[in-house]
Amino acid sequence: MAGSIFVAAAPPTTWPLDMAGLEGQLRARWPEVHTAARHSSATEVDYLAFEADLAGERRHGAYFEHMYLLLEDGTPEFWAETISWFLALLPDDAEVVCMTEAVPEPVSMPRHADPDQIVSVLESLRA
């Protein structure tokens, strides 16, 4: 399964992680990452777009401030370690859901999920 993966704050909660904070964390993780602050005119939300060459391919993502992380160009297996890293940036009491482009129904993601648990949750969303 490839396609977009969304890791989001469980409604109605938000996360305290802002775009500048995540940008610094992305640069520490991937020094060659390219980032750009953007604004969605459709949703009136600011977000941080990013791209990096990972595993021999250009990979894309975005962080919608305080709301969700979007990862593209990879399978759950590819992104599981990154999702686990991202979850570690959130407060211990953060509520997390995930969904995929193919199955846009949110399901709970354990806040301290390891990569194997993340793959399991995302694979359960197969269309």
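- Counting heavy atoms from C-beta on, the side chains of L26 and L48 come closer than 4.5 Å.
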- Task: Run the numbers on H66 and M19 for side-chain contact (heavy atoms from CB on, under 4.5 Å), then give the verdict.
- Result: CA-CA 8 Å; H66 305 294; M19 289 183 346; over 6 Å; no
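- A continuous path of hydrophobic side-chain contacts links L125 to I118 [ILVMFWY only; heavy atoms under 4.5 Å].
- Summarising the geometry, atom CD1 belonging to I5 is positioned 5.0 Å from atom CD1 belonging to I83; distances are rounded to the nearest 0.5 Å.
- Annotation: side chain to side chain contact (heavy atoms under 4.5 Å, CB included) contacts of D116 (sequence neighbours excluded): D114.
- For D18, there are no side-chain hydrogen bond (donor to acceptor under 3.5 Å, both in side chains) partners at least two apart in sequence or on another chain.
- For the atom pair CG of L87 and NE2 of H112, the computed distance is 9.0 Å after rounding to the nearest 0.5 Å.
- By the 4.5 Å heavy-atom criterion applied to side chains, R58 and H34 are counted as neighbours.
- For E44, the CD atom is densely surrounded, since the number of other residues' heavy atoms within 6.0 Å is greater than 12.
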Could you pull out all donor-acceptor pairs under 3.5 Å where a side-chain atom in residues 92-99 meets a protein atom, sequence neighbours excluded?
none

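- Residues T75 and L122 are not in side-chain contact: their nearest non-hydrogen atoms beyond the backbone lie 4.5 Å or more apart.
- No side-chain heavy atom of D53 sits under 4.5 Å from any side-chain heavy atom of R59.
- By the rule that hydrophobic residues join a cluster once side-chain heavy atoms approach within less than 4.5 Å of another member, F6 and V103 end up as members of separate clusters.
- Taking CZ from R29 and CG from L22, the interatomic distance works out to 11.0 Å, rounded to the nearest 0.5 Å.
- Looking at R27 and T35, their side chains come closer than 4.5 Å, going by heavy atoms from C-beta outward.
- Contacts of F50 classified as ring-ring contact (aromatic ring centres under 6.0 Å, His included), with partners at least two apart in sequence or in another chain: none.
- There is a path of hydrophobic side-chain contacts, each under 4.5 Å, that joins L69 to V33.
- Side-chain contact between L54 and W30 is present, with heavy atoms from C-beta onward closer than 4.5 Å.
- Looking only at side-chain heavy atoms (C-beta outward), E77 and E123 come within less than 4.5 Å of each other.
- Counting heavy atoms from C-beta on, the side chains of T14 and E65 never come closer than 4.5 Å.
- Residues L90 and R111 share a closest heavy-atom pair of O-NH2, 2.6 Å.
- With sequence neighbours excluded, the residues forming a side chain to side chain contact (heavy atoms under 4.5 Å, CB included) with A49 are R38, Y47, listed by chain and number.
- Considering all non-hydrogen atoms of both residues, P104 and P106 come closest at O-CD, 3.6 Å.
- D73 CG to S4 OG: the interatomic distance, rounded to the nearest 0.5 Å, is 8.0 Å.
- Residues V107 and L70 do not share a hydrophobic cluster, clusters being chains of Ile/Leu/Val/Met/Phe/Trp/Tyr side chains in contact below 4.5 Å.
- Linking Ile, Leu, Val, Met, Phe, Trp and Tyr whenever their side-chain heavy atoms come within less than 4.5 Å leaves L17 and V45 in two separate clusters.
- Here OG of S120 is found 8.0 Å from CD of Q117. Values are rounded to the nearest 0.5 Å.
- Residues P115 and A80 come closest through the heavy atom pair O-CB, 3.5 Å.
- Listed by first and then second residue, the ring pair (Phe, Tyr, Trp, His ring centres under 6.0 Å) pairs that reach into residues 74-93 are W15-F86, Y63-F86, sequence neighbours excluded.
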